[in-house]
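Data first, discussion second: the structure below is written as structure tokens.
This chain uses plain numbering: 1 for the first residue, then up along the sequence.
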Amino acid sequence: MPTIDQAPALSAAVVVILCASCDTDHYTAGPDQRFHCPCGSVLTTGDVVLDPDESWCVTPAGLLAYVTAPDVSLTRYREARAVMENPYMWGFEVAAHAEYRRALAELDTAIAMGLRLPEHAPVEIGRVYFAAVINPDGTYGGGNANALGWDCTICAPSTFDPSRQESHPCRNPRAHATHTVNGWTRHADRRRTHTYQVVSPIAPDLPTARERAAAIVNRRQAAARPA
């Protein structure tokens, strides 16, 4: 049975805004669509002045914060990926890998804070792609996870010595999951006790992605039942 590979959670890049009046507490979103500090200071969204490459947001705890603007991170993502995929730029690949992961961490953070990505952003950003095993009763049975930026041996140049195989940041998680599912399906035993699907929840980390993948499979199973 396939196993679930551990994968790193991408770091959050949220800066909570400190009150300029008391220099101690933070602003909390209020029912009046303004932000209130315990010291009595009040801000509106129009009072929030940030650099052009930053966007304000509200954390799950209701605190006023800011993150890197998604369009800025998307540009960084594309520039880093262009270097990674250019065979004449191999001398810059280490720096490109770092920028690629940084950009994806910022984009994942923006999604987690409720910000929309630009309309032309790749659909893979923010998603974890599972080559999922479906149990005979239709429940989620685990699977192999892939996501943009996670360590990936498939995206690294192949070596003759397996012990020297490197991992590079993943660039094609959907294709990897689809290829794995197709391979499992072709080589499944005749009893067909299990089936396989690609499941792609939006999630900031692997544990959350597992929970959401199971929920997606359950919804699919419920929708497939005859009325």
Side-chain angles (χ1 to χ4, degrees), residues 2-16 29 54-63 65-78 80-81 97 99-134 138-152 154-155 168-181 195-224:
T3 58
I4 300 177
D5 295 330
Q6 293 294 325
L10 298 177
S11 62
V14 182
V15 179
V16 178
E54 298 167 343
S55 295
W56 70 270
C57 60
V58 178
T59 71
L63 300 179
Y66 67 87
V67 296
T68 302
D71 58 336
V72 173
S73 299
L74 184 60
T75 297
R76 181 180 296 121
Y77 160 85
R78 286 190 165 136
R81 182 157 182 161
H97 289 179
E99 282 294 283
Y100 183 77
R101 287 192 168 107
R102 174 189 171 193
L104 287 169
E106 292 173 347
L107 290 166
D108 279 355
T109 298
I111 294 172
M113 293 299 105
L115 299 182
R116 287 190 176 186
L117 300 188
E119 291 183 0
H120 51 288
V123 297
E124 293 92 347
I125 291 175
R127 291 187 179 274
V128 178
Y129 285 83
F130 285 93
V133 179
I134 311 302
T139 58
Y140 175 73
N144 290 350
N146 300 273
L148 288 173
W150 288 4
D151 284 346
C152 179
I154 302 174
C155 287
H168 282 195
C170 185
R171 302 194 300 276
N172 299 291
R174 180 169 52 175
H176 299 340
T178 300
H179 178 77
T180 300
V181 164
T195 56
Y196 312 102
Q197 297 177 6
V198 175
V199 184
S200 56
I202 295 177
D205 52 52
L206 185 56
T208 305
R210 286 186 185 133
E211 294 176 4
R212 294 180 180 175
I216 290 172
V217 171
N218 290 338
R219 287 198 299 271
R220 288 179 181 177
Q221 179 190 18

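- Between the side chain of Arg171 and the backbone N or O of Arg81 there is no donor-acceptor pair closer than 3.5 Å.
- Under the side-chain contact (heavy atoms from CB on, under 4.5 Å) criterion, Ala214 pairs with Tyr140, sequence neighbours left out.
- Between the CG atom in Leu206 and the CD atom in Glu211 there is a gap of 10.5 Å [rounded to 0.5 Å].
- Here Tyr100 pairs with nothing under the side chain to side chain donor-acceptor pair (under 3.5 Å) rule; sequence neighbours left out.
- From Asp151, atom CG reaches atom CG of Asn146 across 11.5 Å, with rounding to the nearest 0.5 Å.
- The side-chain contact (heavy atoms from CB on, under 4.5 Å) check on Thr195 picks up Ile134, with sequence neighbours excluded.
- Shortest non-hydrogen contact noted between Thr139 and Val217 is C-CG1, 4.1 Å.
- With sequence neighbours excluded, no residue forms a ring pair (Phe, Tyr, Trp, His ring centres under 6.0 Å) with His179.
- Gln197 meets the side chain to side chain donor-acceptor pair (under 3.5 Å) test with Arg220; sequence neighbours excluded.
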Please list every donor-acceptor pair under 3.5 Å in which a side-chain atom of residues 117-131 meets a protein atom from a residue at least two apart or in another chain.
residue, atom, partner, partner atom, Å
Glu124, OE2, Arg174, NH2, 3.2
Arg127, NH1, Ser200, O, 2.6

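- Salt-bridge annotation for Arg101 and Asp108: absent, with no side-chain N of the basic residue lying under 4.0 Å from a carboxylate O of the acidic one.
- Checked against side-chain contact (heavy atoms from CB on, under 4.5 Å), Ala215 has the following partners two or more places apart in sequence or in another chain: Arg219.
- Taking OG from Ser73 and CG from Leu107, the interatomic distance works out to 4.5 Å, rounded to the nearest 0.5 Å.
- Considering only residues two or more places apart in sequence or on other chains, Glu54 meets the side-chain contact (heavy atoms from CB on, under 4.5 Å) condition with Leu50, Asp51, Tyr66.
- His176 pairs by the ring pair (Phe, Tyr, Trp, His ring centres under 6.0 Å) definition with nothing, not counting sequence neighbours.
- The minimum heavy-atom distance linking Ala29 with Val58 is given by the pair CB-CG1, 4.3 Å.
- Distance check, rounded to the nearest 0.5 Å: OG of Ser55 to CD of Glu106 gives 11.0 Å.
- Looking at residues two or more places apart in sequence or on another chain, you find no salt bridge (Lys or Arg N to Asp or Glu O under 4.0 Å) involving Arg212.
- Between Asn172 and Cys155, the closest heavy-atom pair is N-SG, 4.1 Å.
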